[in-house]
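Accompanying notes for the structure given below.
Since the structure is predicted, the reported quantities are computational estimates derived from the model, not experimental observations. Every chain is numbered from 1 and lettered A, B, ... according to where its sequence line falls, protein lines coming before strand lines.
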Protein chains: 2
Amino acid sequence: MVRIFIADDHVMFAEGLESMLAGEPDFEICGWARNAADTLEQVPKILPDVLLLDINLPDQSGLDVCKELRKTCPGVKILALSMHNDESYISAMLSLGAQGYVLKNTGKEELCTAIRALADGKTYFTQEVTDTMMQSLMRERKAGVAKEPPKISRREKEVLKLIMDERTTQEIAAQLFLSEKTVESHRAALLAKLGARNTAGLVKAALHWKIIND
Amino acid sequence: MVRIFIADDHVMFAEGLESMLAGEPDFEICGWARNAADTLEQVPKILPDVLLLDINLPDQSGLDVCKELRKTCPGVKILALSMHNDESYISAMLSLGAQGYVLKNTGKEELCTAIRALADGKTYFTQEVTDTMMQSLMRERKAGVAKEPPKISRREKEVLKLIMDERTTQEIAAQLFLSEKTVESHRAALLAKLGARNTAGLVKAALHWKIIND
DNA sequence: ACACTATTTGGAATAATTTCAAACCAACGC
DNA sequence: GCGTTGGTTTGAAATTATTCCAAATAGTGT
């Protein structure tokens with residue numbers, strides 16, 4: 001028996017969910033809330049197997065609720081419900097520890113599948129959601145790498161690697177058997193090529209262009 | 001009519017593919033190759049609509065082929081075929097511009113669906129593949145944030161933000177109406193708290209703990 | 001050979017960073 | 001109220017890092 005808690009402020013939607021899920025013999029609605037405060041209050045007491053959590057609650061964001069519940073009752077599986085197929089929301093929910101994410105226009109069959117997956121310790125994401133994430137992944141990798149990675153010579157790359165490794169100019173010079181002046185010169189070239197003002201910019205650029213993997 | 005080129009060194013597999021796809025009225029096999037060199041030679045001449053590209057070619061990696069073809073003939077859609085449901089391969093193919101990725105144990109129906117999706121300008125990824133990527137996303141985000149984010153005071157965070165923004169000590173002091181000494185002091189505290197030796201470490205730590213979003 | 005880039009190094013001046021100390025303020029508990 | 005704690009603030013002196021200006025050497029490709 002899967003015990004389910006519903007957190008959604010749209011009463012009609014929540015009741016629809018309830019009657020829909022009541023039809024499944026292995027599901028049991030063990031509670032509901034229409035705002036974040038109520039959810040945070042009740043869920044730790046009731047400890048449902050699965051929490052259906054609307055992202056858009058009136059008082060706080062579902063994101064905050066998710067974050068909080070991760071700490072207070074990590075055993076409760078969280079299935080995020082949202083109208084939005086928005087990369088930032090999805091990404092945020094993933095990072096905050098939701099085990100699933102389905103859109104509100106999802107049908108009954110799929111919702112049941114998702115709930116059973118979560119109750120079973122697995123994860124579930126609607127096809128649209130995974131598509132969005134893959135698209136976003138492709139975009140970000142393309143945007144980051146493909147453009148015009150400045151041409152860094154191998155010597156410069158060695159220096160950059162050591163700078164990224166938090167070495168001092170002295171250490172770098174010693175390591176590469178160079179004068180400190182030479183290291184400084186390479187550093188200057190790197191600043192120019194990567195369009196950075198200082199070490200901070202150098203590190204950010206190196207990571208951005210994936211010149212150094214760290 | 002979708003014109004398809006097959007690049008795979010397993011002749012038996014390739015022929016199986018060919019006869020399988022020949023049954024589809026809207027597909028046409030317009031060529032094939034059993035190694036990377038051949039593929040790079042022929043594809044730019046034949047310009048198929050879709051290239052079925054095995055990741056594991058004998059001479060070069062399919063990854064290199066993909067990268068090369070992105071430049072020489074970007075119009076050709078690339079559907080990566082692989083035995084491995086391996087995050088690093090998938091991620092690499094995505095970044096190199098493949099429009100699809102299916103495992104070799106995929107059935108005929110799904111393969112056809114994938115080919116038609118690509119020919120139609122869309123992308124296609126097998127469910128297993130998207131699962132793997134989502135899992136990996138969750139892991140990396142959790143690993144990055146969850147552990148023990150050092151407690152940074154708000155003033156320190158302000159300074160850190162400006163350091164990340166490539167500002168000089170002078171500029172930071174001016175911006176925050178502080179003495180340079182104070183800024184240096186906050187910087188020292190940040191170095192200690194984040195376990196860094198210098199600015200490079202500071203930037204890496206800040207990004208790692210997601211204290212600053214950049 | 002000539003053009004070009006990469007690699008290498010100096011001198012002088014400026015900015016950043018470290019090291020060692022300390023005062024001020026606000027919050028918290030007793 | 002008083003002391004402790006942590007955050008914020010600042011200073012002097014010494015050490016490094018970095019910038020700005022130049023230039024010699026080596027290797028590559030035309």
Side-chain angles (χ1 to χ4, degrees), chain A residues 145 147-214, chain B residues 68 71-72 147-214:
Chain A
V145 185
K147 284 290 179 192
E148 331 165 33
K151 301 151 203 162
I152 308 298
S153 72
R154 70 178 158 292
R155 203 52 158 167
E156 286 164 350
K157 195 179 294 187
E158 292 182 271
V159 172
L160 180 54
K161 199 185 295 282
L162 290 169
I163 290 174
M164 297 274 299
D165 211 24
E166 302 180 49
R167 307 306 174 75
T168 66
T169 303
Q170 254 185 36
E171 291 171 340
I172 297 173
Q175 176 117 47
L176 299 179
F177 303 102
L178 293 176
S179 142
E180 292 186 30
K181 288 298 177 181
T182 309
V183 176
E184 287 165 10
S185 164
H186 288 311
R187 210 188 85 94
L190 286 166
L191 287 176
K193 289 185 180 178
L194 296 174
R197 286 183 69 190
N198 55 33
T199 303
L202 227 42
V203 173
K204 286 201 302 176
L207 294 175
H208 177 65
W209 300 109
K210 300 193 195 303
I211 298 166
I212 309 295
N213 311 305
D214 219 345
Chain B
E68 191 59 29
K71 290 185 293 190
T72 58
K147 285 290 179 191
E148 335 165 29
K151 301 153 204 160
I152 308 297
S153 72
R154 72 179 156 289
R155 205 50 160 167
E156 286 163 349
K157 195 178 294 189
E158 293 182 90
V159 172
L160 179 54
K161 199 184 295 283
L162 290 169
I163 290 175
M164 296 276 296
D165 211 25
E166 304 180 48
R167 306 307 175 76
T168 66
T169 302
Q170 255 185 36
E171 290 171 339
I172 298 172
Q175 176 117 49
L176 300 179
F177 303 101
L178 293 176
S179 142
E180 292 185 31
K181 295 299 175 186
T182 310
V183 176
E184 287 164 11
S185 160
H186 288 313
R187 213 190 83 94
L190 286 166
L191 287 176
K193 289 185 179 178
L194 296 174
R197 287 182 67 191
N198 54 35
T199 304
L202 226 41
V203 173
K204 287 201 303 178
L207 293 176
H208 176 66
W209 300 109
K210 299 194 195 304
I211 298 166
I212 310 295
N213 311 305
D214 219 344

Tell me the interatomic distance from [X], atom [atom1], to [N], atom [atom2], rounded to whole angstroms.
X: A:Gln170; N: D:dT16; atom1: CD; atom2: C1'; value: 8 Å
X: A:Glu166; N: D:dT16; atom1: CD; atom2: P; value: 18 Å
X: A:Lys151; N: C:dT7; atom1: NZ; atom2: C1'; value: 18 Å
X: A:Leu202; N: D:dA17; atom1: CG; atom2: C1'; value: 13 Å
X: A:Leu190; N: C:dT7; atom1: CG; atom2: C1'; value: 13 Å

For this session: Please check the phosphate of C:dA6 (OP1 and OP2 only) for any side-chain N or O of A:Lys193 closer than 4.0 Å.
Result: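 Answer yes for this pair, as a side-chain N or O of A:Lys193 is under 4.0 Å from OP1 or OP2.
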Exercise. Does a side-chain N or O from A:Arg187 land closer than 4.0 Å to OP1 or OP2 of D:dT18, or not?
Worked result: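 Yes, A:Arg187 has a side-chain N/O under 4.0 Å of OP1/OP2 on D:dT18.
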For this session: Would you name the heavy atoms of A:Glu171 and A:Glu166 that are closest together and state the gap between them?
Result: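 Taking A:Glu171 first and A:Glu166 second, the nearest heavy atoms are OE1-O, 4.4 Å.
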Problem set entry | B:Ser179 versus B:Lys181, closest heavy-atom pair with distance |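 Nearest heavy atoms, B:Ser179 then B:Lys181: OG-N, 2.8 Å.
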For this session: List in numerical order all residues of residues 194-201 of chain B for which some heavy atom is under 4.0 Å away from an atom belonging to DNA chain C.
Result: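 Heavy-atom cutoff 4.0 Å gives B:Arg197, B:Thr199.
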Interatomic spacing from [atom1] in [X] to [atom2] in [Y] - rounded to 0.5 Å:
X: A:Ile163; Y: A:Ile172; atom1: CD1; atom2: CD1; result: 5.0 Å
X: A:Ser153; Y: A:Lys193; atom1: OG; atom2: NZ; result: 5.0 Å
X: A:Leu207; Y: B:Lys204; atom1: CG; atom2: NZ; result: 8.0 Å
X: B:Gln170; Y: B:Thr168; atom1: CD; atom2: OG1; result: 5.5 Å
X: A:Ile152; Y: A:Leu194; atom1: CD1; atom2: CG; result: 4.5 Å
X: A:Leu178; Y: A:Thr169; atom1: CG; atom2: OG1; result: 12.0 Å

Problem set entry | the helix from C:dA1-D:dT30 to C:dC30-D:dG1: angle between end helix axes, five pairs per end, rounded to 10 degrees |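 The angle separating the two end axes equals 50°.
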Problem set entry | Neighbour count above 12 (heavy atom, 6.0 Å) for B:Lys157 NZ |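 No, because the 6.0 Å sphere around NZ of B:Lys157 holds 12 heavy atoms or fewer from other groups.
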Seminar exercise, completed: Whether each nucleotide of nucleotides 8-13 of chain D has a protein heavy atom under 4.0 Å at its base (B), only at its sugar-phosphate (S) or at neither (-) is summarised, 5' to 3', as SBBBBB
Problem set entry | Non-neighbouring partners of A:Glu180 that pass salt bridge (Lys or Arg N to Asp or Glu O under 4.0 Å), sequence neighbours left out |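 A:Glu180: no salt bridge (Lys or Arg N to Asp or Glu O under 4.0 Å) contacts found.
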Distances under 3.5 Å between protein N/O atoms and the N/O atoms of nucleotides 27-30 of chain D, please, pair by pair.
none

For this session: Quick one: list whatever passes side chain to side chain contact (heavy atoms under 4.5 Å, CB included) with A:Ser185, sequence neighbours left out.
Result: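 A:Ser185 satisfies side chain to side chain contact (heavy atoms under 4.5 Å, CB included) with no residue once adjacent residues are dropped.
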Exercise. So A:Leu176 and A:Leu162, side-chain contact (heavy atoms from CB on, under 4.5 Å) or not? Walk me through it.
Worked result: CA-CA 10 Å; A:Leu176 299 179; A:Leu162 290 169; 3.9 Å; yes
Exercise. Of A:Lys161, A:Arg155, A:Arg154, which meets side-chain hydrogen bond (donor to acceptor under 3.5 Å, both in side chains) against A:Glu158?
Worked result: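 In the set A:Lys161, A:Arg155, A:Arg154, the residue that makes a side-chain hydrogen bond (donor to acceptor under 3.5 Å, both in side chains) with A:Glu158 is A:Arg155.
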